[in-house]
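Remarks on the structure that follows.
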2 protein chains.
Amino acid sequence: MKTDDDGSVRSVLRAFDLLALFTEHRRTWAVKDLTTASGLAKTTVLRLVATCEQRGLLWTRPDGRITVGPGMLRWAQLANTAWQLPEPVRQVLRELAAECRETVNLYVRSTSVLVCVAQQEGPLAIRHVGRVGDELPLGFGAAGRVLDGAEGAAVSHGEPEPGASSVATPVHDGDGRLLAALAITGPSSRFGPGEVAAFTEALTAASVRISQIGLATRAE
Amino acid sequence: MKTDDDGSVRSVLRAFDLLALFTEHRRTWAVKDLTTASGLAKTTVLRLVATCEQRGLLWTRPDGRITVGPGMLRWAQLANTAWQLPEPVRQVLRELAAECRETVNLYVRSTSVLVCVAQQEGPLAIRHVGRVGDELPLGFGAAGRVLDGAEGAAVSHGEPEPGASSVATPVHDGDGRLLAALAITGPSSRFGPGEVAAFTEALTAASVRISQIGLATRAE
């Protein structure tokens with residue numbers, strides 16, 4: 001196996017990155033476009049696609065386009081059950097969303113991105129709507145800065161889109177290790193200095209409660 | 001990239017098969033056990049785990065055990081949306097389950113296994129309960145025999161467990177290609193010759209309806 005300096009297996013990373021080109025917004029690809037988008041040689045793309053097909057992760061449709069295969073459902077099932085948060089943590093998210101009247105998200109770091117692992121939508125008609133599984137770049141937005149090591153609470157305006165604001169606080173485990181970022185996100189018009197102060201206070205209290213409960217997922 | 005005779009990339013298959021060891025029933029592994037279960041050298045396992053960790057698909061916990069990472073949630077989100085069946089097909093499944101009073105499953109073939117892509121549970125207390133994403137070996141059970149090329153309907157008793165019976169029929173596309181197997185599964189005590197004949201008739205009619213609607217998932 002050809003390994004990179006960090007000990008990772010290059011062809012495996014390429015396969016994962018090829019799979020990552022398939023998103024909710026782009027579920028089918030022509031081989032030609034996969035080649036362009038991945039920057040790999042066409043023969044490499046063809047071999048990686050054939051390999052993913054062998055495990056049902058990709059499918060070549062009769063018209064030649066490549067799409068997501070049913071083998072992904074196995075991973076989906078596993079991820080959905082492994083990443084169920086403890087009910088008491090969900091309760092904290094519900095109470096926080098009700099108190100602050102904004103959407104609450106919990107993010108964990110996964111290498112160079114953050115992944116939303118739980119969300120409780122706020123009660124108002126204009127609200128932040130994301131999805132469990134959504135990724136954000138590390139350092140991006142309030143949660144991204146918390147997970148990038150910012151001290152204490154972080155605030156962002158205009159991310160991930162103009163007019164959106166967010167406040168986030170860190171969640172630690174019993175040994176003080178950073179576990180997650182708890183964030184409140186909504187329209188910037190509702191994130192003035194007074195609200196941000198109140199949100200920060202509510203988030204800090206909720207983060208402490210989650211730290212005490214722990215994030216032990218069912219992945220035991 | 002080291003390729004096998006069929007053009008697949010060996011290290012990528014190994015990575016997928018390593019990931020496949022993580023199941024709902026076994027969500028964490030020690031490296032030693034992964035080495036035994038995979039039949040790979042320990043150094044290979046460590047490199048593959050490190051590679052999966054780089055993309056957040058696996059995580060090493062503080063106690064050294066390996067578990068499913070949040071990167072899997074991305075695949076979950078994609079698979080769950082890509083494999084949403086058209087609503088008219090879901091309606092056929094609901095009507096069939098109500099008519100036959102047994103659980104209805106739709107399976108597609110993914111290389112050497114079948115994957116359950118939809119399920120409608122029957123109305124009775126004792127009923128078959130499976131899950132979307134569940135896999136069965138090709139040739140196993142009524143659906144497995146249909147997807148392995150059996151002509152017309154197939155019946156199985158005692159699979160996947162003693163006391164379970166199943167009847168399945170093929171679903172074809174407009175060009176006569178085998179797309180899926182539609183199955184009714186329940187306790188063998190309710191699968192006598194009379195019931196099997198009635199189920200076969202209902203399944204055949206439902207399969208024709210699904211063939212007419214098509215299985216075009218949202219993976220367009």
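Below, all heavy atoms of this structure are taken into account, side chains as well, without hydrogens, waters or symmetry copies. In what follows, chains are A, B, ... by sequence order, proteins preceding strands, each numbered from 1.
A/R109 and B/W59 make their closest contact through O-CZ2, 3.3 Å (heavy atoms, listed as atom of the first residue, atom of the second, distance).
Between the side chain of B/S11 and the backbone N or O of A/V12, no donor-acceptor pair lies under 3.5 Å. Of the possible donor and acceptor atoms, one in the side chain of A/T51 sits under 3.5 Å from a partner among the backbone N and O of B/V9.
To the nearest 0.5 angstrom, B/R47 atom CZ is 12.5 Å from A/R10 atom CZ.
Within the 4.5 angstrom heavy-atom criterion, only side-chain atoms of A/D17, from C-beta onward, approach chain B. The contact between A/V115 and chain B is made entirely by side chain atoms (from C-beta outward), counting heavy-atom distances below 4.5 Å. For A/L19, the parts lying near chain B are the backbone and the side chain together; criterion is any non-hydrogen pair under 4.5 Å. Of the two parts of A/V132, the backbone and the side chain both hold a non-hydrogen atom closer than 4.5 Å to a non-hydrogen atom of chain B.
Put simply, of B/A20, B/C116, B/G71, B/P70, the one with the most heavy-atom pairs under 4.5 Å next to chain A is B/P70.
Counting non-hydrogen atoms of other residues, nucleotides and ligands closer than 6.0 Å to CD of A/E151 gives a total of 12 or fewer.
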